[in-house]
Amino acid sequence: MTKRFILDRFEDGFAVLYGGDGTSSFTVPKFLMPNGAREGATIVQDDSGAFSIDTLDTNARRDRIARKMDDLFS
Amino acid sequence: MEKRGKKRISVRIALLIAVFVLAAAAICVLALYPKFFGGGEYTVCPVLSDDIADASFLVHFIDVDQGDCILVSCDGKNMLIDAGESKYAGRVRSYLKEQGVKKIDILVGTHPHADHIGALANIVRRFDIGTILMPKISADTASFENLIDAVSKKGLKITSPDKGQKFALGSADITVLSPSKDAFYEENLNNYSIVLRVEYEEKVFLFTGDAERDVEYEILRDGADIDADVLKAGHHGSSSSSSDRFIKAVSPEYAVIMLGRDNPYGHPHVETVATFKKYRVKALRTDECGSIVFGVKDGKIGVSTEKGEKAA
């Protein structure tokens, strides 16, 4: 079964991933992240343990957040 | 006679061995636990050093493991800077309730990483909130989205402060040292951290979020007054922050490092600890001391730590 995470941040050589509910997190060495993985990306881990980026989900969340931020900040 | 002489020699040998063993044990203890002897890089967690319970200005560095959460209260007004990861929301709420906090007059999300803003959505939902300060930078994460949803649902707005802007918390003065509204630090969200100088009765506290050395140098170039009594060490004691020049200029009496025990990042880094030692800064760590509280009363600073009594 594949698992999905959000890459919250890079921290001193590690990638910090959070589960969908934002409460559970785990830390993996940065080099295990796929090329082009940026903070805020949706990361999928397949059965073999390998990580990949879900670009569609990443972009959808980015656009949604950008819209929500529009009239929230002054 | 000969027998007695032999006995004396064996007693002497036994004494020599005992002295040797004791010396070796003492060396081991000194090497392993320098904090017991005031040496090494440790500062023993202080127990209540002054009566700060009735101080009208208090700063609580609330232990949320590997994350930041700071409550500043002055004359009945409260400012909360970050709240740690979302799993610590309950702990933060309990702490705030114990302190009698009903309204958070100023809520600061220093920068949108989950170890700082994770629990803020929950806090926004559960407390009366005044002004919300956050840098205008988005993070495409669930924790950030949860927070802006909670703010939006309450009909609140977020103010992104500008360098030099001032706020009041009761009779304490707050100055924004970073970032400027048009700051651009590429993808390094740490550097967007809201850095605050808070002054009360001529005592100064500096809160730096996760701002790294580039921002520290920028603040130095700005020529801002950063001489402080207490510094929240940037970025959990990582060597990315607490640069030599910055610590020399701030020259605090105390630095508070907010971090979790056995964190995978090696915080606090040896370079940071060495810099504090070089400038004779008393470094207090939340992983060792638990929550750390400073109070200012009659122009004096008192400090108390949750685990103070146990650490001696």
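By convention in this document, chain letters (A, B, ...) are assigned in the order of the sequence lines, proteins followed by strands, and residues within each chain are numbered from 1.
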Examine whether an atom of [X] lies under 4.5 Å from a heavy atom of chain B, and if so say whether it belongs to the side chain, the backbone or both; otherwise answer neither.
X        : value
Thr58(A) : neither
Thr27(A) : side chain
Tyr18(A) : side chain
Ile6(A)  : side chain

Next item on the list: Tell me whether the guanidinium CZ or amine NZ of Lys30(A) lies under 6.0 angstrom from the six-membered ring centre of Phe10(A) and within 45° of its axis.
Entry: yes
Using side-chain heavy atoms (C-beta onward) and a distance below 4.5 Å, is [X] in contact with [Y]?
X         : Y         : answer
Ile247(B) : Val281(B) : yes
Leu96(B)  : Leu80(B)  : yes
Tyr95(B)  : Val64(B)  : no
Ile194(B) : Pro179(B) : yes
Phe276(B) : Ser242(B) : yes

Item checked: Working for ring pair (Phe, Tyr, Trp, His ring centres under 6.0 Å), residues His236(B) and His116(B) -> CA-CA 11 Å; His236(B) 320 287; His116(B) 292 255; 5.2 Å; yes
Note to self: Below 30° counts as parallel, above 60° as perpendicular, anything between as tilted: where do the rings of Tyr192(B) and Tyr185(B) land?
What the structure shows: perpendicular
Item checked: Glu85(B) versus chain A, the contacting section by heavy-atom distance below 4.5 Å -> side chain
Notebook entry, point to check: Which answer fits Ile132(B), side chain, backbone, both or neither, if we ask what part of it has an atom under 4.5 Å from a heavy atom of chain A?
Noted result: neither
Next item on the list: Of all the heavy-atom pairs spanning Pro34(A) and Ile53(A), show the shortest one and how long it is.
Entry: CG-CG1, 3.6 Å
Note to self: Can you list the residues of residues 135-150 of chain B that sit under 4.5 Å from chain A, counting heavy atoms only?
What the structure shows: Pro135(B), Lys136(B), Ile137(B), Ser138(B), Ala139(B), Asp140(B), Thr141(B), Ala142(B), Ser143(B), Phe144(B), Glu145(B), Ile148(B), Asp149(B)
Next item on the list: Spell out the residues in residues 255-267 of chain B that have some non-hydrogen atom less than 4.5 Å away from a non-hydrogen atom of chain A, in order of number; otherwise answer 'none'.
Entry: Pro264(B), Tyr265(B), His267(B)
Pair [X] + [Y], salt bridge at N-O below 4.0 Å:
X         : Y         : result
Lys166(B) : Asp173(B) : no
Lys163(B) : Glu218(B) : yes
Lys278(B) : Asp244(B) : yes

Notebook entry, point to check: Regarding Asp210(B) and His113(B), is there a side-chain donor-to-acceptor distance under 3.5 Å anywhere?
Noted result: no
Note to self: Can you tell me which of Lys157(B), Lys87(B), Met134(B), Lys181(B) forms the most heavy-atom pairs within a distance under 4.5 Å of chain A?
What the structure shows: Lys157(B)
